[in-house]
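Note sheet for the following structure.
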2 protein chains.
Amino acid sequence: MLREAGLRPTAQRMSLGAILFSGCDRHVTAEALYHEAVQASVPVSLATIYNTLNKFAEAGLLRQVIVSGAPTHFDTNTSNHPHFFVENTNLLLDIPAAEIVLEKMPAVPDGFESAGTEIVVYLKRKAGCA
Amino acid sequence: MLREAGLRPTAQRMSLGAILFSGCDRHVTAEALYHEAVQASVPVSLATIYNTLNKFAEAGLLRQVIVSGAPTHFDTNTSNHPHFFVENTNLLLDIPAAEIVLEKMPAVPDGFESAGTEIVVYLKRKAGCA
DNA sequence: ATTTGTGCAAATCGTTTGCATCTGA
DNA sequence: TCAGATGCAAACGATTTGCACAAAT
């Protein structure tokens with residue numbers, strides 16, 4: 001899988017890949033993945049986590065999701081789908097692509113091409129619910 | 001205007017407000033607004049710019065726009081509209097709300113309520129165009 | 001008189017980088 | 001052998017904060 005993506009299959013990358021891709025789709029931050037790796041006794045540094053996540057994203061294995069007020073998240077589901085994000089938490093949720101439909105895409109200005117669309121619906125806890 | 005928003009009208013806030021709201025709709029970063037203010041001989045510190053932008057946003061006078069790979073932008077157009085963002089620049093553009101239509105909004109999970117939707121279409125320069 | 005904002009510098013957070021070392025091709 | 005990856009610690013950029021002072025109610 002790494003080789004196919006043009007990445008050298010090193011020990012760390014294989015271990016991280018196993019954590020990320022062996023189960024269901026998931027969202028991680030660098031920090032969270034680092035803790036998981038440490039707990040799984042994967043010898044890896046935080047810097048390498050950042051490098052690896054960025055390489056994976058570059059190679060199309062992961063999708064970067066930027067949200068306001070939280071560190072960058074990476075999504076193992078690389079399809080173009082929107083997200084919910086709960087404010088003041090690290091909770092990022094997929095929205096099934098079917099749940100939201102763009103009626104019409106805006107015309108891209110001359111000389112440019114689209115490099116992807118990000119849609120994030122911010123959520124807050126309803127008043128009264130602890 | 002400041003008073004209506006529940007903000008104390010100080011000299012700095014009035015000057016910054018004048019820069020932001022006297023012309024057409026615009027997008028600024030803290031750093032950019034700081035330089036503008038300095039050039040306009042407004043005595044203000046960068047920390048105050050940040051405070052002011054955050055207060056303005058909180059009060060609903062500005063809208064925060066988060067983009068990947070650039071500092072936070074603030075939009076004087078507080079209506080809920082999507083943006084183009086040109087990668088590796090600070091160029092943020094409004095997309096008229098009419099240009100994009102959501103067919104269907106995703107159901108908000110139980111116990112939460114929506115706090116706003118962000119839509120950003122990332123653009124890159126077309127290959128071959130310097 | 002009291003509350004709130006300001007300025008500065010220092011602190012913080014997330015992330016990247018320089019460099020020496022190691023490792024996979 | 002040698003490009004590329006790793007680890008560490010230091011550097012970094014954007015933003016926030018603590019505290020003394022000033023200004024607004």
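The chains referred to below are lettered A, B, ... by the order of the sequence lines, with proteins before strands, and numbering in each begins at 1.
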Review point. Does A:T10 put a side-chain nitrogen or oxygen below 4.0 Å from OP1 or OP2 of D:dT6?
Key: yes

Practice item. Would you tell me if any nitrogen or oxygen in the side chain of B:Y50 comes within less than 4.0 Å of OP1 or OP2 on D:dT16? Key: no

Check your understanding: If you take atom types as modelled and just measure distance, does the side chain of B:R8 reach the base of C:dT3 with a donor-acceptor pair under 3.5 Å?
Key -> yes

Practice item. Give one of base, sugar-phosphate or nothing for B:T29, where a contact means two heavy atoms less than 4.0 Å apart. Key: nothing

Study note, to complete from the structure: Heavy-atom nearest nucleotide on DNA chain D taken for B:H73 and for B:R3; more 5' hit belongs to B:H73

Exercise for review: Please step through ring pair (Phe, Tyr, Trp, His ring centres under 6.0 Å) for the pair A:H27 and A:H83, ending with a clear verdict.
Suggested key: CA-CA 11 Å; A:H27 304 106; A:H83 293 95; 5.4 Å; yes

Exercise for review: Select one nucleotide: of C:dG5, C:dT17, D:dT6, the one nearest the side-chain heavy atoms of A:T48.
Suggested key: D:dT6

Practice item. Compare side-chain N and O positions of B:Q12 against OP1 and OP2 of D:dA23 and report whether any pair is under 4.0 Å apart. Key: no

Study note, to complete from the structure: Sorted by position of nearest nucleotide on DNA chain C, 5' first, the leading residue of A:T72 and B:I49 is B:I49

Point to revise | From D:dT17, C:dG5, D:dG7, nucleotide with atom closest to A:S45 side chain | key: D:dG7

Check your understanding: For the atom pair CG (B:L16) and CD1 (B:I49), what is the distance rounded to the nearest 0.5 Å?
Key -> 4.5 Å

Revision key, fill the gap. Side-chain atoms of A:P9 come closest, of C:dA25, C:dT16, D:dC8, to C:dA25

Revision key, fill the gap. Of B:N51 and A:G6, the one whose nearest nucleotide on DNA chain D sits closer to the 5' end is A:G6

Review point. Side-chain contact, heavy-atom cut-off 4.5 Å: B:I66 with A:V67?
Key: no

